[in-house]
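Note that the coordinates shown come from a computational prediction; the quantities given were computed from them, not determined experimentally.
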Amino acid sequence: QVQLVESGGGLVQAGGSLRPPCAASGRTFESYALGWFRQAPGKEREFAAAISRSGGSTAYAESVKGRFTISRDNAKNTVYLQMDSLKPEDTAVYYCAADVARSRTVVYAHPTPYDYWGQGTQVTVSS
């Protein structure tokens, strides 16, 4: 089992950047495929980015492609979401998620496979 804790959210102006980390407990971090999802007020949770166990495969939602970058540091048990050129429509609670994956290259762009979720971190982008 793994526990996930996001941090690093906050208020930023449009065009700015944030890089929230998600720290995981446990000694098997490298066994997990990881993802970032977000949920805006009144909307359903949506996919943002995902990364494979090896870090060699990534996937992004069209709305964030070219602006967001997901990465992982297995030595630090941490996954990051580098968010650049932020827009007001990026305002949401951002959640990281983890799932044990047999394949080192698989990425999951849907919430269903993920068994573990963090509590979320608020990101607010002002215009």
State, yes or no, whether a side-chain contact exists between [X] and [Y] at a heavy-atom distance under 4.5 Å.
X      : Y      : result
Thr69  : Tyr80  : no
Leu4   : Trp117 : no
Leu18  : Val123 : yes
Trp36  : Ile70  : yes
Ser126 : Pro88  : no
Val93  : Tyr95  : yes

Interatomic spacing from [atom1] in [X] to [atom2] in [Y] - rounded to 0.5 Å:
X     : Y     : atom1 : atom2 : result
Asn74 : Tyr32 : CG    : OH    : 12.0 Å
Gln1  : Gln3  : CD    : CD    : 7.0 Å
Ser57 : Ile51 : OG    : CD1   : 8.5 Å

Residue pairs fulfilling disulfide bond (SG atoms under 2.5 Å apart) with at least one residue in residues 18-109, sequence neighbours excluded: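 The answer is Cys22-Cys96.
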
For the backbone of [Y] and the side chain of [X], can you confirm whether one donor and one acceptor N or O come within less than 3.5 Å of each other?
X      : Y      : value
Arg72  : Ser52  : yes
Ser25  : Val2   : no
Glu30  : Ser54  : no
Tyr114 : Tyr108 : yes
Arg19  : Met83  : no

Residues which pass ring pair (Phe, Tyr, Trp, His ring centres under 6.0 Å) with Phe47, listed by chain and number, not counting sequence neighbours: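 Residues passing ring pair (Phe, Tyr, Trp, His ring centres under 6.0 Å) with Phe47: Phe37.
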
Non-neighbouring partners of Ser103 that pass side chain to side chain donor-acceptor pair (under 3.5 Å), sequence neighbours left out: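 Ser103: side chain to side chain donor-acceptor pair (under 3.5 Å) contacts with Thr105.
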
Trace of the side chain to side chain contact (heavy atoms under 4.5 Å, CB included) decision for Thr78 with Phe29: CA-CA 8 Å; Thr78 302; Phe29 182 74; 5.5 Å; no

Nearest atoms (heavy-atom pairs only) where Pro20 meets Ser7: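 In this case the closest contact between Pro20 and Ser7 is CB-O, 3.1 Å.
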
Lys65: side chain to side chain contact (heavy atoms under 4.5 Å, CB included) partners, not counting sequence neighbours: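 Per chain and number, Lys65 pairs via side chain to side chain contact (heavy atoms under 4.5 Å, CB included) with Tyr60, Glu62.
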
Contacts of Thr124 that satisfy side chain to side chain contact (heavy atoms under 4.5 Å, CB included) - sequence neighbours left out: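 Per chain and number, Thr124 pairs via side chain to side chain contact (heavy atoms under 4.5 Å, CB included) with Leu11, Thr91, Gln122.
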
Same apolar cluster: Val79 and Tyr116, side chain cutoff 4.5 Å: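 Both belong to a single hydrophobic cluster.
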
Verdict with supporting geometry, Ser17 and Asp84, side-chain hydrogen bond (donor to acceptor under 3.5 Å, both in side chains): CA-CA 4 Å; Ser17 298; Asp84 298 318; 2.7 Å; yes

Steps toward side chain to side chain contact (heavy atoms under 4.5 Å, CB included) verdict (Glu6, Gln119): CA-CA 7 Å; Glu6 304 95 335; Gln119 83 290 347; 2.9 Å; yes

Salt bridge (charged side-chain N to carboxylate O under 4.0 Å, His left out) contacts touching residues 89-109 (sequence neighbours left out):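 Every salt bridge (charged side-chain N to carboxylate O under 4.0 Å, His left out) pair that includes a residue of residues 89-109, provided the two are not neighbours, is Arg38-Asp90, Arg67-Asp90.
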
